[in-house]
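Naming: A, B, ... by sequence-line order, numbering from 1 per chain.
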Amino acid sequence: MSLSAVEVLSADGVRSVAASMGLLPTEVDAIVQGLGRLPGKTELVVFAGMWSEHCSYKSTKTMLATLPREGARVLAGPGSHAGAIDIGDGWAFAFKVESHNHPSAVEPFQGAATGVGGILRDVIAQGARPCAVMDSLCFGMPDSPRMRHLVDGVVAGIAGYGNAFGVPNVGGRTVYDPGYEGNPLVNALAAGFVRAGEMRLGVASGAGNAVVYVGATTGRDGILGAAFASEELGADNTARRTHVQVGDPFTGKKLMEACLSFTPEAGLCGCQDMGACGLSCGLFEMAAAGQVGMDIDLGAIPLREADMSGHEILLSESQERFLFVVRQGAEAQALAHFRRHGLHAAVCGRVTESGRVCARLHGEVVVDLPAALVAGGAPLIRWPQSAALPLPRPYPEFGAPTDLGATLLALLGQPGLCDPVGVYDHYDQTVGNRTVRGPGQAEAAVLKVPGTRRGVALTVTSRGDLLRADPYAGAQATVAAACRNLACVGAALVAVTDGINHGSPRDPVECRRLAEVIRGLGDALRALRVPVTGGNVSLYNESPHGAIPPTPMVGGVGLVDSLERLPTAALAPGHTLFLLGLWVGEPSASFYGGWRTKGAVGPVAQVDLAAETKLAALLVAEVERGHVAAAKDGGKGGLGVALAKMCARGGCGADLELPAVARRDWALFGERPASAWVSVPAAHAAAFRESAEHHGVPWVQAGVSGGDVLHIRDLLEVRVAALAAAFAGGGG
Amino acid sequence: MSAGRPVATVVVFPGSNGDRDLFETFERVGFSCRYHPSDRPLSGDSAVVGLPGGFSYGDYWRAGMLASQAPAVADLPRHVEQGGLVIGICNGFQILVEAGLLPGALSYNDPPGFRHRWLTLKVQSACPSPWFAAAAIGDRWRLPMAHGEGNYFHPDGAQAIQGRVPLVYDQNPNGSLADAAALLDATGRVLGVMPHPERASDPDLGSGDGLQLFRAAFAAVRRDAL
Amino acid sequence: MHRVDLIVRPRTGVRDPQGDAVEEALRGIGYDRLKVHCVGRFLRMDLDVPTEAEARRLADEMCKRLLVNPNLETYDLKIESLG
Amino acid sequence: MHRVDLIVRPRTGVRDPQGDAVEEALRGIGYDRLKVHCVGRFLRMDLDVPTEAEARRLADEMCKRLLVNPNLETYDLKIESLG
Ligand SMILES: Nc1ncnc2c1ncn2[C@@H]1O[C@H](COP(=O)(O)OP(=O)(O)O)[C@@H](O)[C@H]1O
Ligand SMILES: [Mg+2]
C-alpha cells in the first residue's frame, strides 16, 4: 500500500519534522531501518507520540523489569490494563495508579478530573466495576494564592469526576513541600471487583473482525499530550493551552455501563481505553498484542470538529472513548447496544493478518506501519548515571524544645500533618455501598467484598521528603509504610501498584536517583515477598525550581478476613496502650527535623524489613483475635504526632509512661520505621504481651486511655481539646 | 421472579449511580427488585418505585431537571393514585421536586459546594406515612450525605411544609428551610430524602439506621396485600 | 434559523450562596467597590424555525417546561435572526 | 456606579459536555429542530466606579484573575451606567 503523495517527506524533511517533535536521531534511524523506507508525515507524528517516554517507557523499561512480579495471587501483571489479584470467593480485584502531573499543573481542575477518568477506564477495560479511587497529591506550600488555587482546582477536579461517576474516594495522601512548588503531583489509584473468569484483554484477534469505536466524539483535545507529559514544564505554560482535555463523567458513566454489559457472547473479542496517544495507542497496542494488523478508515471516526487531519484524529486525547474488537457478524447488535447507552459508536475498520496498521483518510493512505514496531519498538535508552549522589545538607545542631506539649500542638497544625478533611469532604466516600473504612476512619481504607463479610484493604503512601535524603532507603520506607498501614487494619500486604514520579533522567544525578528508587522498591518488595502488578512512571517533573524530590507512590492492597473485628484509628477510653517498636532519642530524617531546621535533611533511618515483617504479623494476628481496638503506625510526625491524632480523632486522652531517652523530642517526633501504637481492651492485655514476645516485636505497655488530657509523664501534658483544635488546623 | 414477594422498581436514569445501592437495599428487606430504564413508561405491577441517587444527566444545567421529563417519571402520579409508594433519594429527591411530585425546590448548598459527611438526623412528627410507620418521634439516625444541591427552599416559607418534614438535620449542612432533610407529599406515600438511607443499610458500613424506612415500607405493602 | 441566548438567574429575594461566594472571593483578592447581584446560567442555541415569534414561543416553552425553575429563577431571552 | 453583565462560555473547539447533555435531553423530549451551541455561566455585579472605561478595565481584570479560565473559556461583558 503506498502512502498518499502529500504524506511523503524527503530525508531532510524527516529529520527536521522528527527533531521538532522531540524524536532523537537514533530513533529516526530505528524508524527508517524498521520500515525499510522513510516515514511519512503522519507516521512520524504517530511515532513521536507512541515512542514518547509516557507511552514507551523507553528510559525505565529495563529498570522496571527488575521489580518482582510473581505471586500466587497474581492474575494479571504489568502490561495488562490494570493489574489484578485473586481475592477468593470467585472474585478478582483490579487496581492501578496513574499520574496526571503535567496536565494538572497547566489546568488543575480538568487535569485532575481527566486523571481520575483515565485510571477508572483502565480498571473498566480489565472488566472490573470500579469500587474505589484514592489520590496522592503533592503541592508546594499552601500559603500563596497561586498554590491555593491549584490545590482547590485539583481537589475540585478529583471530586467532580469521581462523585458524578459514582465511585467513592476512600483515602489518599496530601503533602505540602516546597519541592513541589513548580510541579505538583497528582496521582490517582482506581480499583474494582471483577469475577475471576471475566477479565478482559486488550488484544485484537481474528482477521475480518470489526474494529469499533465507542464513546465521546473526537476533537482537537490534548493532541500529543503524551509527548507533552514527557517534557519539562517551562515557565510559560500558556502556549500549551489549546491542548487541554475536558472530562465528562456523565459520558464516562454511560461508557462504563455499556462496556461492562458488552460480553464475549455478544461479540466482544478485545477492548482498550483510548488513553495517552488516543486512537493510535488503541490500534497499535491491540494489534501488536494480537500479532495482527488492522485496516482503518479514519473517515468513520465520529468527530466533534469537521476537517480534522489524519494525525489529529490519530493522536487526539479526547476523553471517554474505547476501542473494541467485535466478532464479525455481531457488529450491528454491538452498535445498537452502545447507541442504546447514549454513546457514539462506529465500525472504523477490520482486523487483518498483515501485522500492519494501515489507516486511510478520504481514500488516501496516511499511515501504514508494522504494529510491533510502533508499539514496543522504541529503542531503549540508558541515560548516564552519576557515580555518587550528593549528600544532603545535614541538620545543624539544635536543642530540644523546653515545652514539648507546645511543640506537639504546633507540629499537629502544620499543613500536611493536620486533618485533611478540607480535602476529603469534597469526595463522595460511600457511594456503591462498599466502604467499611473511608478517609480518616482507619490507617487504611477497607472495602467489603461483594456477598461476603470479608474485606480488601487499600492504602497509598508517598514520602518524597525522605527520598530527597536517600532515595534507596526512602523507597523502602514508602513500601514499609504501606505494609504497616494495612497491618493496622489487620491485613497483610499482598500486592502493590507503584507510581514513580521523578525528574529528568537526562540529568545523571536524577537518573542515578531513579535507579536507586527502583532498587529500593524492588529490594523491599522482595523482602516482604510482595509482587508489583502494574504502575506508572512520570518523568521530567521539573520546573524552573529544579527537579521534584523523587516521589514513588505505593498503592498497597491487603485482605481482611473478617469485618467483625476491624480496628479504627481513634482512641476510646479504658484501653491499654502499647507502643510497638523502638523508642529511641536520636536524630532521623523527619518532618520534625525539616520543620525545625527550615528544610535541612537528616539521616534516613535504615529500614529493617525483618522488623517490619514481624510487626505486621503481630498486628494481623492480634486484629484477627479481636484484641485490637485502635491502631496507628508511626509515620510522618513520628510516634508523638501519631498518638496525638488518635486522641484527636477519638476525643480521648491517655496517661502514659515511657522509658527515659537522651533526646525526648527525637523520640517523640523523629521517624523510625517498624513502630506503632495499639490500644487493647484491658482484658486482652496479657495475651497481647505474650503475642508480641512470640512475634519478636519490641513492646512497651505504656499506659491507659481515658480522660480529656494526653499525659506522657516527664514529657508533656496537653488537653485533648487543644489537640483537636490544632489537628483541625487551617492548612487544609 | 420470586412468587409472592412484593415488587420494588428502581428507575435508572442515564448517569444514575446509586441504583445498585438502592436495589440491594430493597432486596435486603424482602422486596423482589428490578431495574427499569427511565425512558420507558412504568409497568403497573410494583408496589414501590425508587428514584436513586446519582448524577442523572451529569447534573448538568440543574440537578434533576433533565431527568424530571422522563416517561417513567411522568407515570408516577398514576402509581401514587393507585396506592403505590415512591422514594426519591438525593438526586431522586431532586427529580421528584423538579417533576412537581413534591413542592418547592432544591437549590445550591449554603455554604456552596458538594459535601460528603456522616450526619445525625432526628425523626420528627409528620403526616402519617408508611415510610415512617416504624420510627419513633425523636429517634436519631446516622446517615451519610453526599450532595451539592440539597438546600431545600419553598417560596412560601416553612409553614408551607409544616407537617410534611419527617426528618430534620441536627446540624443543618446545606441551608435547608426548617432544617428539612426529607419531605412527604400530602398522601405520605411519596418521600424525598436528601441524605442516603440506602447507604446506611449495613452495620458493617457504619450504620443500619436507614433500613427502618425500607422495612416499614415492606411491612406496609405486605399488609395492603393481605 | 434563529439564535437564542438564554440567561437564567435567581429570582430577587432568593438566596444566592454562589453569588455570595464569588463576591467574597473577589473581595479577598482586593476588589472592594463591588456588589455581586447574582450568579446564573447561560445557554446559546440555534432553532431552525422561520420566524422570530416562533423562536420565542418555542424557547419560552422550553424554559417553562424545563430550563427554568420558577420557584427559584427568572430568565431573559435574546433572539436574533441568522437569516 | 456601573452594572456589569458577564457571560462566560466554552471557547470554540473546546468540548462542552454540558451543552451536549442539554441538547440530548431536549431532543429526548421532542425538540429536534435545535442545536445547542454551548452552556455557560452568567454573573451580574455593580461596580462603584465613575466611568464606563474604568468599569470595563476592572471587570476585564477580574475575569483574567479569577472569573474566567482562559484554558477553556472566553467571555463577553455588557456594561451599563446606573447614573
Ligand atoms: N488527597 C486525599 N484524598 C483522600 N483522602 C485523603 C487525602 N489525603 C489524606 N486523606 C485521608 O485523610 C486521612 C488522614 O491522612 P493523613 O494525616 O495523611 O494520614 P494518617 O491519618 O494516616 O496519619 C487518611 O484517612 C487519608 O486517607
Ligand atoms: Mg500510617
Side-chain angles (χ1 to χ4, degrees), chain A residues 129-131 152 155-156 159-170 247-258 340-343 421-422 424-441 446-455 560 562-564 566 568, chain B residues 12-25 27-28 35 37-40 52-61 63 66-67 89-91 109 111-119 142-148 173 195-208 210:
Chain A
R129 177 173 289 271
C131 65
D152 291 349
V155 169
Y161 204 99
N163 296 346
F165 184 91
V167 63
N169 187 307
V170 297
D248 178 10
F250 172 51
T251 300
K253 170 70 161 62
K254 292 189 291 186
L255 191 56
M256 169 180 78
E257 297 296 352
R340 211 167 34 246
H341 279 87
L343 300 166
V421 60
Y424 61 71
D425 75 351
H426 291 80
Y427 302 153
D428 194 330
Q429 299 154 30
T430 50
V431 61
N433 261 356
R434 300 267 174 267
T435 311
V436 183
R437 292 284 185 271
Q441 296 182 326
V446 180
L447 297 156
K448 189 168 185 165
V449 179
T452 73
R453 287 204 68 199
R454 297 171 49 239
V560 176
S562 166
L563 297 178
E564 239 160 292
L566 209 54
T568 67
Chain B
V12 183
F13 301 87
S16 290
N17 66 33
D19 44 342
R20 302 174 139 246
D21 306 353
L22 185 54
F23 184 102
E24 284 175 14
T25 305
E27 287 273 329
R28 182 163 297 142
Y35 294 113
S38 63
D39 61 357
R40 291 212 310 260
F55 285 63
S56 57
Y57 292 94
D59 268 6
Y60 292 137
W61 194 256
L66 299 170
I89 300 169
C90 198
N91 193 229
N109 287 357
F114 181 102
R115 288 292 180 284
H116 176 279
R117 200 175 295 161
W118 281 90
L119 301 171
R142 224 169 83 82
L143 309 179
M145 73 175 247
H147 60 252
H196 288 274
E198 85 288 17
R199 298 191 200 171
S201 62
D202 177 354
D204 278 344
L205 308 184
S207 166

Worksheet item: Among all residues two or more places apart in sequence or in another chain, which pass the side chain to side chain contact (heavy atoms under 4.5 Å, CB included) test with A156(A)?
Response: F109(A)
Fill in: Y57(B)-F250(A) aromatic ring centre distance below 6.0 Å
yes
Worksheet item: For D21(B), is it the side chain, the backbone, both, or neither that has a heavy atom closer than 4.5 Å to a heavy atom of chain A?
Response: both
Practice prompt. Could you have a look at T251(A), V436(A), V431(A) and say which one has the most heavy-atom pairs with chain B under 4.5 angstrom?
Written response: V431(A)
Response to the item:
Taking every heavy atom of N433(A) against every heavy atom of L205(B), the minimum-distance pair comes out as O-CD1, 3.3 Å
Discussion item. Which atoms of P14(B) are under 4.5 Å from chain A, going by heavy atoms: the side chain, the backbone, both sets, or neither?
Written reply: both
Worksheet item: Rounded to the nearest 0.5 Å, how far apart are CG of D204(B) and OG1 of T452(A)?
Response: 9.0 Å
Worksheet item: Any idea which heavy atoms bring S16(B) and K253(A) closest together, and the distance?
Response: O-NZ, 2.7 Å
Fill in: Which portion of R117(B) sits near chain A, non-hydrogen atoms under 4.5 angstrom
side chain
Worksheet item: Given the rule in the side chain to side chain contact (heavy atoms under 4.5 Å, CB included) test, do V12(B) and E257(A) qualify, once you have shown the distances and angles that lead to the verdict?
Response: CA-CA 12 Å; V12(B) 183; E257(A) 297 296 352; over 6 Å; no
Worksheet entry | Pick from A159(A), G432(A), P249(A), G455(A) with the largest number of heavy-atom pairs that fall under 4.5 Å of chain B | G432(A)
Worksheet item: To the nearest 0.5 Å, how far apart are CG in N17(B) and CE in M256(A)?
Response: 8.5 Å
Worksheet entry | Which portion of E564(A) sits near chain B, non-hydrogen atoms under 4.5 angstrom | neither
Fill in: Region of R20(B) in contact with chain A, defined by heavy-atom distances below 4.5 Å
side chain
Worksheet item: Is there side-chain contact between H116(B) and H426(A), with heavy atoms separated by less than 4.5 Å?
Response: no
Fill in: Which portion of N169(A) sits near chain B, non-hydrogen atoms under 4.5 angstrom
neither
Practice prompt. Select one option (side chain, backbone, both, neither) describing which atoms of T430(A) are under 4.5 Å from chain B's heavy atoms.
Written response: both
Practice prompt. Measure distances from A164(A) to the heavy atoms of chain B and classify the residue's part below 4.5 Å as side chain, backbone, both or neither.
Written response: both
Item to complete: Report the option among E24(B), M145(B), H147(B) that has the most heavy-atom pairs separated by less than 4.5 Å from atoms of chain A.
Response: E24(B)
Worksheet item: Can you say whether R340(A) sits under 4.5 Å from chain B via the side chain, the backbone, both, or neither, judging by heavy atoms?
Response: neither
Item to complete: Please name the pair of heavy atoms, one in D248(A) and one in Y60(B), separated by the smallest distance, quoted to 0.1 Å.
Response: OD1-OH, 2.7 Å
